[in-house]
Amino acid sequence: MRADTRAEEAWARERRALAAVARGDAPADRYVHGGLVLNVYTGELYPAHVAIRGERVAYVGPRDDMVGPRTGVIDARGRTLVPGYIEPHAHPWNLVTPAALARHVLPLGTTAVVGDNLSCYQLCRAPGFARAMAALSRLPLRYYWMVRIEAQAQVPGEAAMFPLPALRRLLDAPEVVAVGETTRWPRVEAGEMSLLRRAALAALRGKRHEGHTAGAKPERLAAIAAAGVTSDHEPITADEARERMRQGIAVMLRQSSLRPDLAELVEPFAKSGSLGRLMLTTDGSTPAFIAEHGFVDNLLRVAMRQGIPPIEAYRMATLNPATYFGRDADLGGIAPGRYADINLLHDLEEPRPAAVIARGRLVAEGGALRVAVPEPDWARIFTPAATRFTRRWRLAPEDLALPSGPIPVIRLVSAVITTAEVRPMRADDLHLALVDRRGGWIATTAIAGLATDLDGLAATLSTDCEIVAAGRSRAAVARAVNRLLDRRGGVVVVDGDRIAFDLPLPVGGLMSRRPLPDVARAERELRALLVARGYPWHDPLFTLLFLTADFLPSVRMSSRGVWDVKRARVLRPSQPLAAGPR
């Protein structure tokens, strides 16, 4: 039997079984009894029971005759039932694995996440990401994906990294709902054909194109929308959000560790009531931010605090994203045929649930996870070849040497925005390097505004997945890099001859399998250590991550060398690295 025929047969059998339960001809697998249901379709709140067959809702209503001898009954008396929360734009490779993230956020009520695939794809390419996607599709939390069609850093062989045949296969997967986010929006606005051909893979399959239009002026948005971008999560003011909505671009309002803007963004919409195209996102929040504030439950809390009516707030975190991604027949509401992803709340004012049902099962209660969330076999995904730690080599202090004359010194003017100063290196500058994981090349310059008393730091967290290293002591920087090579990834800080901080990230050099709260404690320790050494900003992880991000002003590190973003030119070229045992 062909695969599509098997899928059709399975769909028909599932629907026949659901209808039998709804008619009262078969008992439910699980029965949620006695709750108050929030109907996001009508805005009503009323008493109803919910009958579940397999992973889907079969019936919602007053009847009480669907319990058989094997039916699991969930007592919902005194509880308000709302749909499971949907995170429409996440980066689930941020220090912890997607499975570790799922273990933490399921008890907080998030049952579906639309995740960016870039970190995994960039290292493992399409075959590795397809294996990761298949493994993660079996988790209690549902992962959907946006597939990148370009890099966000200057990387060698970028065109070959995103071939059309491989992207077509990924876009055919039902778990893939969009392409993007496309960070180089000027190329979209300009109508660059090579990029639009890849974007067409989503449009011709009825899938979305996620934008990233930070800094785009109102007069440029029309061309971006006309070129096919369907959403944006980058507005930092309510006016920017409104301008994008005027162009038909759906807007995701953000509250993240880097940009906690939601209170300011949502307030004007609370007054206007124009909420149908708005969604809420945590974007790429770090583990420490999630551990302290929560996940989508925190977005709901902030939105309601700013005057969004509770029913509208819950729609923004459930029905709106489901509808936007064309998945509202499956997600976003408590109704027959939808997935049985349901949060049981004490009341609507407090979005953190007392219990969580996902895939039709009770998965969390009282804030504790009740089911297993297995890790994928990461060794099959992040193979030695994929992680690029393929041969033993060592960085020497002399590899970091800089000339005595003028160089393009990168100055941080915020956690992630930079300017360039062409001058000799000063005593309070730090050496800065981007190093090929394989030891093939190195780009060097100096950086100001990062820290003043930092001997050496190295991390495998950059957007191009190479090694970022900085410090005032070349010997300490080299030691930090070499420690990372031994660890095959992570974050290391060196004081003199002493390792002051060491966070291993053994999964691809990007992630830890440890519980999110454990990694959050390490993240807070790193920030405190860097602040004590003169780091003046609020988010060091994103400082390290975005030092190679070529969509931000104005100067970045790259495999080509020091890169002038606006003028698209190299200010100081990278050099071959005489890698080898040392």
Side-chain angles (χ1 to χ4, degrees), residues 91 93 116-130 145-171 176 178-202 209-214 227-229 382 385-388 390 434-443 460-468 508-510 545-577:
H91 299 270
W93 319 91
D116 170 31
N117 80 327
L118 181 64
S119 297
C120 182
Y121 182 95
Q122 199 155 259
L123 286 173
C124 305
R125 306 298 170 93
F129 173 67
W145 298 100
M146 44 187 172
V147 166
R148 293 292 186 120
I149 55 176
E150 61 166 4
Q152 60 182 29
Q154 298 294 311
V155 295
E158 181 178 336
M161 187 182 294
F162 300 95
L164 286 170
L167 293 176
R168 285 191 190 100
R169 288 191 292 273
L170 289 180
L171 265 293
V176 174
V179 295
E181 60 184 284
T182 303
T183 56
R184 297 166 181 164
W185 61 261
R187 294 172 59 189
V188 177
E189 183 201 19
E192 183 181 297
M193 281 298 292
S194 62
L195 188 147
L196 293 183
R197 286 192 192 99
R198 296 193 291 274
L201 301 178
H209 184 171
E210 302 307 290
H212 177 116
T213 64
V229 167
F382 290 100
T387 60
R388 305 178 188 165
T390 53
L434 183 69
V435 189
D436 176 24
R437 287 190 185 196
R438 296 188 177 97
W441 52 262
I442 185 170
T460 50
L461 297 178
S462 63
T463 54
D464 62 356
C465 300
E466 304 296 359
I467 301 171
V468 171
L510 304 172
L545 180 72
F546 283 161
L547 277 171
T548 59
D550 66 6
F551 55 90
L552 291 170
S554 65
V555 181
R556 302 286 140 178
M557 300 296 285
S558 79
S559 60
R560 300 181 184 186
V562 182
W563 181 255
D564 184 325
V565 172
K566 187 173 182 179
R567 295 174 178 83
R569 65 177 185 177
V570 174
L571 301 179
R572 175 174 162 79
S574 58
Q575 300 294 327
L577 188 62

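Just so it is clear, the values below take in all heavy atoms, side chains as well, and ignore hydrogens, waters and symmetry mates. Positions are given from 1, in the same order as the sequence printed here.
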Drop me the distance from [X]'s [atom1] to [Y]'s [atom2], to the nearest 0.5 angstrom.
X	Y	atom1	atom2	answer
Arg437	Thr387	CZ	OG1	6.5 Å
Ser558	Trp441	OG	CH2	7.0 Å
Leu577	Asp436	CG	CG	8.0 Å
Leu170	Trp145	CG	CH2	11.5 Å
Thr548	Asp464	OG1	CG	4.0 Å
Phe162	Ile149	CZ	CD1	9.0 Å

Would you please test Ser559 and Glu466 for side chain to side chain contact (heavy atoms under 4.5 Å, CB included) and show each step? CA-CA 9 Å; Ser559 60; Glu466 304 296 359; over 6 Å; no
Minimum heavy-atom distance [X]-[Y], with the two atoms named:
X	Y	answer
Trp185	Thr213	CD1-CA, 3.5 Å
Gly180	Asp116	O-OD1, 4.1 Å
Ala443	Met557	O-CE, 3.3 Å
Ala151	Glu158	N-OE2, 3.2 Å

Apply side chain to side chain contact (heavy atoms under 4.5 Å, CB included) to residues Trp563 and Val570 and explain how you reach the verdict. CA-CA 5 Å; Trp563 181 255; Val570 174; 3.8 Å; yes
Show the numbers, then the answer: is there a side chain to side chain contact (heavy atoms under 4.5 Å, CB included) between Val229 and Thr182? CA-CA 9 Å; Val229 167; Thr182 303; 5.7 Å; no
So Leu171 and Val147, do their side chains get closer than 4.5 Å, heavy atoms only?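 Yes - at least one pair of side-chain heavy atoms lies under 4.5 Å apart.
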If you define the side chain from C-beta out and look only at heavy atoms, does anything of Leu195 sit under 4.5 Å from Val188?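 Of all side-chain heavy-atom pairs linking Val188 with Leu195, at least one is under 4.5 Å.
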Thr183 side chain to His212 main-chain N or O, any donor-acceptor pair under 3.5 Å?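 Between the backbone of His212 and the side chain of Thr183 there is no qualifying donor-acceptor contact (under 3.5 Å).
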Going by the rule side chain to side chain donor-acceptor pair (under 3.5 Å), which residues pair with Arg560 if we only count those two or more places apart in sequence or in a different chain?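 For Arg560 the side chain to side chain donor-acceptor pair (under 3.5 Å) partners, ignoring immediate neighbours, are Gln154.
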Sequence neighbours left out, cut at 3.5 Å: what donor-acceptor pairs do the side chains of residues 117-130 make with other protein atoms?
residue: Asn117; atom: OD1; partner: Arg148; partner atom: N; Å: 2.9
residue: Tyr121; atom: OH; partner: Met161; partner atom: O; Å: 2.7
residue: Gln122; atom: NE2; partner: Thr463; partner atom: O; Å: 2.7

Would Glu150 and Arg187 count as a salt bridge (Lys or Arg N to Asp or Glu O under 4.0 Å) if you check the C-alpha gap in whole Å, the side-chain angles of each, and the deciding distance to 0.1 Å? CA-CA 11 Å; Glu150 61 166 4; Arg187 294 172 59 189; 3.2 Å; yes
Between Leu164 and Arg198, does a side chain to side chain contact (heavy atoms under 4.5 Å, CB included) hold up when you go through it step by step? CA-CA 7 Å; Leu164 286 170; Arg198 296 193 291 274; 3.7 Å; yes
With sequence neighbours excluded, tell me which residues meet ring pair (Phe, Tyr, Trp, His ring centres under 6.0 Å) with Phe546.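 Partners of Phe546 under the ring pair (Phe, Tyr, Trp, His ring centres under 6.0 Å) test: Phe542, Phe551.
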